[in-house]
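All remarks here apply to the structure that follows.
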Amino acid sequence: MKNFITKFAAFIVIAAMFIALIPSVCRRFQNEANNNSIVVSLLYNDLRNKVAKASLGDSLDEFKKAGVNTVSVMEEDINSLVATGSLTCIKYNVLLHKYDDESMHIGEVIRKYPQVAYDSYIVMTKREETKKLLEKWIPQKYKSDQFVKIEGVQGMDIYAFLDGTQDMWEIVMGYKEEDIKALKDKGFDIGLIFKIKNYENTGYLDYIDYLVKKYDIKYLNIKDDFRHPEKEKEAKAHYEGIEKIIRDNKMTLVVTENTNQLSNQKPIGYFSVFNSVFDKKKPSSNSVMRSFETYDNSNSGTDETKFLYRYNQLLNSTIDRNMRFITVTQQIINKKSYVQSKNLTVRSTKAYIDEIKRLGYDVNGQAPVFDNYTAHNRVDGAAAAVIMIMFALLMIEMITGKRYYGLTVVALILSALTAGATVLMPVALLSLYSSLCSVIIPCFGMTVLFWILKQAKDKMNVASLTFVCALGLIITLSLSGLVMISLLSGVSYYVNNDIFRGIKLALFTPILYTAVLYYFMFARKSSSISEDLRKALNAKIKVYWILIAGFFGVIGFIYILRSGNVSSISSVELIMRNTITNIFSARPRTKEFFVGYPCLVLFVYYFKKSDSKLLQWLFATGSSILAASTINSFCHVFTDASTIYMRIVNSMIVASIVCVFVAVANLVVVRIVRYIKAKSLQGEEKVGRD
């Protein structure tokens with residue numbers, strides 16, 4: 001019995017825990033497979049403000065012909081109304097410095113209102129449609145002490161907004177119903193972009209509900225509006241009203257991703273709205289979608305460059321970042337008219353829609369349905385914790401080459417206690433399990449790799465050993481990735497409300513671990529670690545060691561620097577990424593096929609063919625990037641699990657090509673070095689004879 005426990009207990013427990021994860025893994029695959037419908041929405045206000053009114057209808061028809069069936073409409077604000085010439089807005093103190101008759105007359109009238117400060121905004125219009133808009137929305141959103149209506153100027157409606165610290169786009173006037181009607185008549189589905197402002201009045205909510213019902217509006221996109229947390233209590237009635245509108249009208253909640261790609265825009269009350277949509281006690285057909293809003297990163301480049309940038313941006317948002325609601329904005333190109341820029345936007349949008357249809361996505365506006373898909377499952381957490389404990393046990397046994405009955409018993413007891421504690425653990429702590437697993441799994445994978453090398457070094461040639469090592473590592477990581485898939489499943493992860501924490505730690509720790517692991521498994525020369533350390537510190541440092549260490553140090557620095565989301569990448573890398581994306585819809589990760597796999601190939605070669613511990617150690621450490629990056633793919637909580645596995649497969653395909661060149665280049669270098677050494681020895685022998 002003792003021998004059985006020592007040999008098989010860990011594997012039996014691990015197998016049992018993986019079986020416990022199967023329901024969550026299947027649920028994730030099922031929910032993701034059922035939600036492949038894309039909504040491509042045109043930002044209407046952006047188009048309307050950038051093309052001539054006469055061509056607006058034709059421009060909308062062009063987008064509809066390209067495959068865009070939805071239009072997102074923003075609320076009007078003072079800034080947009082000024083941009084379209086609907087009204088004039090000026091600071092009161094600026095108005096007083098104008099000396100034309102009309103300005104002086106207006107200034108004199110405003111002086112009768114002592115509550116108007118010198119930095120207050122003065123809003124003026126003579127347009128009847130704008131007068132109606134202001135008269136309708138201002139009283140519904142603002143309290144009487146926030147604005148003043150100025151009387152006494154013939155033919156003009158004037159409002160003074162007393163708080164001059166606001167920006168013009170923060171003074172919001174609501175939606176233009178005539179625009180919504182015209183868009184609906186053209187056959188577009190409508191989405192409303194809404195910012196929960198801290199208005200004193202909530203009368204506008206009734207009018208939004210009226211618009212939603214009358215025009216069968218499907219989507220409500222709640223966006224960040226930079227309000228302060230201390231205002232949450234005052235805003236409660238506003239977001240509770242939004243909750244009711246979404247639920248009563250069975251709308252789809254849309255949340256827009258932040259441009260830093262780290263999370264969503266979450267205004268005050270967002271989680272209350274989200275939880276209301278998915279409240280199992282109040283059955284409804286409500287759903288949620290995550291939105292990507294296009295942007296321009298540069299005004300430089302040719303039309304074709306701009307087209308490809310926007311096209312690949314759209315494509316990556318769907319495939320790589322799993323966006324299901326795409327908000328298309330108008331491109332801006334230097335020395336090009338808005339009409340020319342609009343034509344390029346239409347072209348890139350059509351190309352994107354055609355491609356995602358070819359890849360099997362639907363562009364039909366169907367809201368996703370999530371079936372029993374909740375995050376932070378305690379059974380998954382308990383199973384993951386037990387697996388990590390058993391992995392730690394196996395790592396110790398592989399490193400030492402021994403099996404331990406006592407340690408196995410301790411691991412079993414600790415597993416039972418941890419599983420029990422997980423059931424009672426707060427969700428905040430439970431969410432850290434995925435971070436712990438993301439560190440342990442790649443370390444376990446590298447331990448398996450080293451163990452295979454140690455066992456098979458003298459039994460296989462270089463090619464066979466390389467294949468077995470790579471396959472063993474990838475199978476270990478892919479199976480272990482199921483733990484991450486189960487822990488990071490649920491609709492809250494799917495739409496990126498909950499995010500994975502610990503990216504830097506998960507990418508850097510396996511590298512440090514591998515560097516130390518190599519010493520214990522292959523480089524340790526004495527029983528005393530301190531003695532080996534003393535010898536290392538007293539070793540003669542050669543110049544090429546410093547150069548090699550510096551080279552790998554720079555690579556390591558860039559690796560860590562690039563481990564998060566970066567604002568820009570080089571044009572060469574961008575071209576390489578886009579080329580690979582056009583070949584493989586699930587783009588393999590550059591650090592895997594360009595660094596990790598080549599280092600693994602070189603590590604196995606020098607492990608088999610050379611006694612240079614330095615080269616072995618450097619390439620072993622570099623190969624750990626493959627393990628860290630592969631598991632990091634599973635940490636992309638919003639990416640479909642099937643896409644993650646396809647990225648792993650595609651990475652192997654691209655890496656096999658890259659590694660052929662690396663292997664050939666390495667053989668060339670080896671032959672050159674051998675030739676130089678041979679010539680050097682011949683020279684020394686000749687000098688000796690002389």
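All residue numbers in this chain count up from 1 along the given sequence.
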I'd like to know if the side chain of [X] reaches the main chain of [Y], judged simply by a donor and an acceptor atom lying under 3.5 Å from each other, with no hydrogens or angles considered.
| X | Y | result |
| --- | --- | --- |
| T643 | T639 | no |
| S624 | T621 | yes |
| D167 | W169 | no |
| T514 | P510 | yes |
| S438 | S435 | yes |
| N496 | V637 | no |
| N249 | I245 | yes |
| S478 | I475 | no |
| W617 | Y519 | no |
| E32 | A641 | yes |

Does the side chain of [X] reach to within under 4.5 Å of the side chain of [Y], using non-hydrogen atoms?
| X | Y | value |
| --- | --- | --- |
| T447 | W451 | no |
| I38 | D362 | no |
| V483 | L21 | yes |
| V73 | I193 | no |
| V25 | R28 | no |
| L43 | T294 | no |
| N264 | T256 | no |
| L482 | F18 | yes |

Which pair of heavy atoms, one from [X] and one from [Y], lies closest together, and at what distance?
| X | Y | answer |
| --- | --- | --- |
| G381 | T422 | C-CG2, 3.8 Å |
| C469 | L449 | CB-CD1, 3.3 Å |
| C437 | L487 | SG-CD1, 3.8 Å |
| A628 | A506 | CB-O, 4.0 Å |
| C443 | Y513 | O-CE2, 3.3 Å |
| N36 | G360 | ND2-O, 3.1 Å |

Kindly say whether the aromatic ring centers of [X] and [Y] come within a distance under 6.0 Å.
| X | Y | answer |
| --- | --- | --- |
| Y219 | F325 | yes |
| F619 | F603 | no |
| Y645 | F634 | yes |
| H636 | Y493 | no |

Validate the cation-pi geometry between R290 and F638: distance from NZ or CZ to the six-membered ring centre under 6.0 Å, angle to the ring axis within 45°.
-> yes
State which residue, out of R589, R587, E592, fulfils the side-chain hydrogen bond (donor to acceptor under 3.5 Å, both in side chains) condition with S651.
-> E592
[atom2] on [Y] to [atom1] on [X], rounded to 0.5 Å:
| X | Y | atom1 | atom2 | value |
| --- | --- | --- | --- | --- |
| Y309 | Q313 | OH | CD | 4.5 Å |
| L315 | I356 | CG | CD1 | 8.0 Å |
| N35 | Y361 | CG | OH | 11.5 Å |
| L473 | F450 | CG | CZ | 10.0 Å |
| S24 | I485 | OG | CD1 | 11.0 Å |
| S633 | I644 | OG | CD1 | 6.5 Å |

For Y404 and T6, what are the C-alpha separation, side-chain angles and deciding distance, and is it a side-chain contact (heavy atoms from CB on, under 4.5 Å)?
-> CA-CA 6 Å; Y404 301 94; T6 304; over 6 Å; no
Would you tell me whether [X] and [Y] have side-chain atoms, one donor and one acceptor, within less than 3.5 Å of each other?
| X | Y | value |
| --- | --- | --- |
| S41 | S72 | yes |
| R27 | Q30 | no |
| S287 | T252 | no |
| T329 | E293 | no |

Carboxylate-amine/guanidinium contact E240 K244, below 4.0 Å = no
SB check K195 E170 (cutoff 4.0 Å) = no
Test side-chain contact (heavy atoms from CB on, under 4.5 Å) on Y597 and V654 and set out the steps.
-> CA-CA 10 Å; Y597 278 106; V654 177; over 6 Å; no
From CA spacing to verdict: side-chain contact (heavy atoms from CB on, under 4.5 Å), I399, L517 = CA-CA 8 Å; I399 292 170; L517 179 66; 3.5 Å; yes
For R501, does the CZ atom sit with more than 12 other heavy atoms under 6.0 Å from it, leaving out its own atoms?
-> no
With side-chain contact (heavy atoms from CB on, under 4.5 Å) as the test, would you mind laying out the steps for M289 and L253 before giving the verdict?
-> CA-CA 6 Å; M289 302 182 84; L253 170 65; over 6 Å; no
Could you walk me through whether N497 and Y270 pass the side-chain hydrogen bond (donor to acceptor under 3.5 Å, both in side chains) test, one step at a time?
-> CA-CA 10 Å; N497 281 345; Y270 167 73; 2.9 Å; yes
Salt bridge (charged side-chain N to carboxylate O under 4.0 Å, His left out) with E257: which of R324, R321, K266?
-> R321
